[in-house]
Visitor: 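Dropping a structure here in structure tokens format, bear with me for questions.
Just so it is clear, the structure is predicted and the values come from calculations on it, not from any experiment.
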Amino acid sequence: MKTIKVLGPGCARCKATVANAEAAIKELGIEAQIIKIEDMAKIMEYDVMQTPAVVIDEVVKTKGKVVSTEEFKALLTA
């Protein structure tokens with residue numbers, strides 16, 4: 001099972017990223033866990049300065065942009 005972490009303060013862009021991750025998981029029919037991290041100290045542990053950021057299986061995949069459902073599907077199947 002994949003673990004997806006969305007790093008950000010809980011802004012609208014962060015919420016959109018979480019929604020797109022949920023949609024991608026549903027469309028792919030895979031099992032994945034989505035974890036929202038809003039604590040800035042924890043976000044800094046990933047060396048992220050721009051949010052939202054996406055971490056899949058402990059690898060930072062994107063920083064500073066809303067990831068679309070299609071982009072999530074590509075990241076999850078790569």
Visitor: CG of Leu76 to NZ of Lys61: how many Å apart, nearest 0.5 Å?
Guide: 9.5 Å
Visitor: State plainly whether one hydrophobic cluster holds both Val48 and Ile37, where clusters connect Ile, Leu, Val, Met, Phe, Trp and Tyr through side-chain heavy atoms under 4.5 angstrom apart.
Guide: yes
Visitor: Between Met44 and Val60, is there a shared hydrophobic cluster once you connect ILVMFWY residues whose side-chain heavy atoms come closer than 4.5 Å?
Guide: no
Visitor: I need the Asp57 CG to Lys5 NZ distance, nearest 0.5 Å.
Guide: 9.5 Å
Visitor: Can you get from Val67 to Ile30 by hopping between Ile, Leu, Val, Met, Phe, Trp and Tyr side chains that sit under 4.5 Å apart?
Guide: yes
Visitor: Do Val6 and Val55 belong together in a cluster built from hydrophobic side chains that touch within less than 4.5 Å?
Guide: no
Visitor: For residues Leu28 and Val18: do they belong to one hydrophobic cluster (side chain heavy atoms under 4.5 Å, members Ile, Leu, Val, Met, Phe, Trp, Tyr)?
Guide: yes
Visitor: Looking at Thr77 and Lys73, what are the two nearest heavy atoms and their distance?
Guide: OG1-O, 2.8 Å
Visitor: Write down the atom of Gly8, the atom of Ile43, and the distance for their closest heavy-atom approach.
Guide: N-CD1, 3.5 Å
Visitor: Can we say Lys42 and Glu45 salt-bridge, meaning some charged N sits less than 4.0 Å from an Asp/Glu carboxylate O?
Guide: no
Visitor: For Asp47, I'd like to know if atom CG has over 12 heavy atoms of other residues, nucleotides or ligands within 6.0 Å.
Guide: no
Visitor: Rounded to the nearest 0.5 Å, how far apart are OG1 of Thr62 and CD1 of Ile56?
Guide: 8.0 Å
Visitor: Is there a side-chain contact (heavy atoms from CB on, under 4.5 Å) between Lys15 and Lys36 once you walk through the steps?
Guide: CA-CA 9 Å; Lys15 290 175 183 166; Lys36 294 181 261 185; over 6 Å; no
Visitor: Is the number of heavy atoms from other residues, nucleotides or ligands within 6.0 Å of CE (Met1) greater than 12?
Guide: yes
Visitor: Give, for atom CD of Glu38 and atom CG of Leu7, the distance between the pair rounded to the nearest 0.5 Å.
Guide: 10.5 Å
Visitor: Nearest 0.5 Å, please: how far is CD1 in Ile4 from CD in Glu22?
Guide: 9.5 Å
Visitor: So, for Asn20 and Phe72, which heavy atoms are closest and what is the spacing to 0.1 Å?
Guide: C-CD1, 3.8 Å
Visitor: What is the distance from atom CD of Gln50 to atom CZ of Arg13, rounded to the nearest 0.5 Å?
Guide: 8.5 Å
